[in-house]
Each structure stands twice: as structure tokens, then as C-alpha cells.
Amino acid sequence: MGRAKYHYVYSCNIFCSLLLAAVKLLQAADSFKDQTFFLSQVSQDALRRTLFPLAGLTKDFVKKIAAENRLHHVLQKKESMGICFVGKRNFENFILQYLQPRPGKFISIEDNKVLGTHKGWFLYTLGQRAKIGGLREPWYVVEKDGTKGDVFVAPRTDHPALYRDLLRTSRVHWIAEEPPAALVRDKMMECHFRFRHQMALVPCVLTLNQDGTVWVTAVKAVRALAPGQFAVFYKGDECLGSGKILRLGPSAYILQKGKSKSRVATEGPGDGPGNGPRLGPAL
């Protein structure tokens, strides 16, 4: 049978047969405007009934068409950036209109020193800079304790406490409704993933669990993974589906500390140079 071609505005290509075989969700020609990240939880039934007319066009080309047809309101329309429904306002003040403040402490991940206080751990996401009163140097959020309300921070934007290479998702929503055949057969599969819109795709290995969840092992440690975000999976140009991040593996900082302790225990106090190895912060 022939194949009909459907598109999404600056988004993706979808192909389906006239017999309603499983559709595929493909990345757009304009990678900057690709929307597959946000469409990765859409059902087969909905995708079969969706038209995506601009998937094969870049936004610059669409603007050229608009100019040729004197559609000046299209050319002058501003980009929608960030949380568009919030508008130009302070994010912390906006959130605190709906949630009661829950004061807590900023704590250094390296020595557990209290560096300052905050109005609520829910105001921060992993990887963002934490503005701590009285400190000029930048500190970044690496962990949050929702029970105690503490936010753990580390110096430097490239601190190893910000990097992890392992995560587990919820039950994955597959665009094709079933996991890829290779993943079912081998229980493991190489592909790519991202957990933020427009971030570069990260090579990874998926391990399928019996409950439909997956372990994701990144080939290289990734900065600022966070529970609650979605890991979206790709094979070539095809978006396979996504799952919510439920658990994270240990950070590179924790792994380095573990290796240092293991090395000391193996060498013993008399095996190292001088009076034995000295342990400082594992950076």
C-alpha cells in the first residue's frame, strides 16, 4: 500500500500506512524548533489523527514565505521563550504565590558546612546556580532533601557532584505502543536520549526491566539529571518514546570518594608514600 505523509508545525514527520500500521514520530528538519521532546507521550491513536504541515521546513524558510505573501504579523511575532504563561516576573515570587515557604539550609556537599538559608527546596532544580546571600563565588544545586528541606550545593559549574551516568525511568511510553524488537529480544539496546528540549542527544544503553521501566546508562556522565524530568529516547531521527526519571545513580563525586576510600583500604597505612596516603576532598 502507499504511504501518506503527515507533519507537525516545526516539529516532526509522521508516516503511516493506509492500513493504520504503527506511525513513527520523526524529528523535524528545523532541529531548533523540533517538538518531539514534548510529543513523546502522545498516543498512537492521537498521532494517527494529527497533521504536521511544516515538519520539512525551517523557520527561516517559513518566514521567507510569509514575507513573500506580506504576512507581516507573522514576521513580527516574538518567540515564546521560557515559561510563557508566567510572563516577565520573578519566578520565586510567582511560585510562592501558590506554595507556602518552607525555609531550609544551603549545605556544602563537600564538608556539610551550612552556607546560608532559602525559602523552599522546591524553588530549585538540580544544576542551577543557587544565589546564597553573602557569597560572591557561584555555587550550584546538586541534591535536595525534601524531608528536611536542605539543598546541597557545590562550587563550580563543572563540579563532579553535578554529573551522573545512570538513571531509572517509570514505565516507558513507546510511540509504537510496544518496546523496540531489539530491546525485547536482547533486554538491552543502544540508542540516544535527552532530558531537556534542544539539548544535544546523549548516546546511551537501555536495559529493559520486567515492569516496563528501563535503566539508562549514558556513555558519558551527564550534567544536572533530575528526578521528575522525562528521558526521551531516539534511534536515528525517530523518537521512540519517553519515561519519567524516577531514580538517579550515584554522582561522579560520590564514585570518586568511594574509589579513594577503597584505594586507602587496599594499600593500608604503610603502603603509601611517607606516612601513608592523605585524603582531601575528592574533586
Q: Let me see the working for K113 and D111 under salt bridge (charged side-chain N to carboxylate O under 4.0 Å, His left out), right down to the final yes or no.
A: CA-CA 5 Å; K113 180 180 179 181; D111 56 14; over 6 Å; no
Q: Answer yes or no: are there more than 12 heavy-atom neighbours, outside E178 itself, under 6.0 Å from its atom CD?
A: no
Q: Any donor-acceptor pair under 3.5 Å linking the side chain of R223 with the backbone of D158?
A: no
Q: Does any non-hydrogen side-chain atom of C204 lie less than 4.5 Å from one of H192?
A: no
Q: Check step by step if side-chain contact (heavy atoms from CB on, under 4.5 Å) holds for R102 and K119.
A: CA-CA 5 Å; R102 292 185 58 186; K119 296 180 181 179; over 6 Å; no
Q: Atom CD of residue position E68 - does it have more than 12 heavy atoms of other residues, nucleotides or ligands inside 6.0 Å?
A: yes
Q: In the hydrophobic clustering that connects Ile, Leu, Val, Met, Phe, Trp and Tyr at side-chain heavy-atom distances below 4.5 Å, which members other than L166 occupy its cluster, ordered by chain and number?
A: W215
Q: One thing to verify: whether D30 and K59 come together as a salt bridge, which I'm taking to mean a side-chain N less than 4.0 angstrom from a carboxylate O.
A: no
Q: In sequence, state the C-alpha distance, the side-chain angles, and the governing distance for F152 and S108, and then conclude on side-chain contact (heavy atoms from CB on, under 4.5 Å).
A: CA-CA 6 Å; F152 292 87; S108 169; over 6 Å; no
Q: With side chains defined as the heavy atoms from C-beta onward, is the minimum distance between V219 and V202 less than 4.5 Å?
A: no
Q: For E190, is the CD atom crowded, meaning more than 12 foreign heavy atoms sit under 6.0 Å from it?
A: no
Q: If we count only N and O atoms by modelled type, under 3.5 Å, do the side chains of D60 and T58 hold a donor and an acceptor together?
A: no
Q: State the NE2-CZ distance between H173 and F230, to the nearest 0.5 angstrom.
A: 10.0 Å
Q: Hey, what do you get for CZ (F94) to CG (L123), rounding to the nearest 0.5 Å?
A: 12.0 Å
Q: Are side-chain heavy atoms of F37 and Y234 found at a separation under 4.5 Å?
A: yes
Q: Please report the interatomic distance CD1(I175) to SG(C239), rounded to the nearest 0.5 Å.
A: 5.0 Å
Q: Is it the case that the side chain of R49 and the backbone of D45 share a donor-acceptor pair, with hydrogens and angles ignored and the cut-off at 3.5 Å?
A: yes
Q: NZ of K235: more than 12 outside heavy atoms within 6.0 angstrom?
A: yes
Q: Rounded at 0.5 Å granularity, tell me how far CG in L47 sits from CG in L39.
A: 7.0 Å
Q: Is there a side-chain contact (heavy atoms from CB on, under 4.5 Å) between E143 and L162 once you walk through the steps?
A: CA-CA 9 Å; E143 290 182 24; L162 288 161; over 6 Å; no
Q: In chain order, what residues pass the ring pair (Phe, Tyr, Trp, His ring centres under 6.0 Å) check against F233, with sequence neighbours excluded?
A: none
Q: Check the pair L167, T169 against side-chain contact (heavy atoms from CB on, under 4.5 Å), reporting the backbone distance first and the verdict last.
A: CA-CA 7 Å; L167 65 91; T169 73; 3.6 Å; yes
Q: Looking only at heavy atoms, what is the nearest atom pair of A221 and D165, with distance?
A: CA-CB, 3.9 Å
Q: Measuring only between side-chain heavy atoms, which start at C-beta, is V205 closer than 4.5 Å to M188?
A: yes
Q: With a 4.5 Å cut-off on side-chain heavy atoms, are T213 and R168 touching?
A: yes
Q: When you check the side-chain N and O atoms of T157 and R129, is any donor under 3.5 Å from an acceptor?
A: no
Q: What pairs with F61 under ring pair (Phe, Tyr, Trp, His ring centres under 6.0 Å), at least two apart in sequence or on another chain?
A: none
Q: Look only at the side chain of E110 and the backbone of A154, and say whether a donor-acceptor pair between them is shorter than 3.5 Å.
A: no
Q: Looking only at side-chain N and O atoms, does T36 offer a donor or acceptor that is under 3.5 Å from a partner on D34?
A: yes
Q: Give the C-alpha distance, both sets of side-chain angles, the deciding distance and a yes or no for ring pair (Phe, Tyr, Trp, His ring centres under 6.0 Å) between Y98 and F122.
A: CA-CA 12 Å; Y98 302 94; F122 48 79; over 10 Å; no
Q: What's the verdict on ring pair (Phe, Tyr, Trp, His ring centres under 6.0 Å) for Y140 and H159, showing C-alpha distance, side-chain angles and the deciding distance?
A: CA-CA 9 Å; Y140 297 87; H159 193 283; 9.8 Å; no
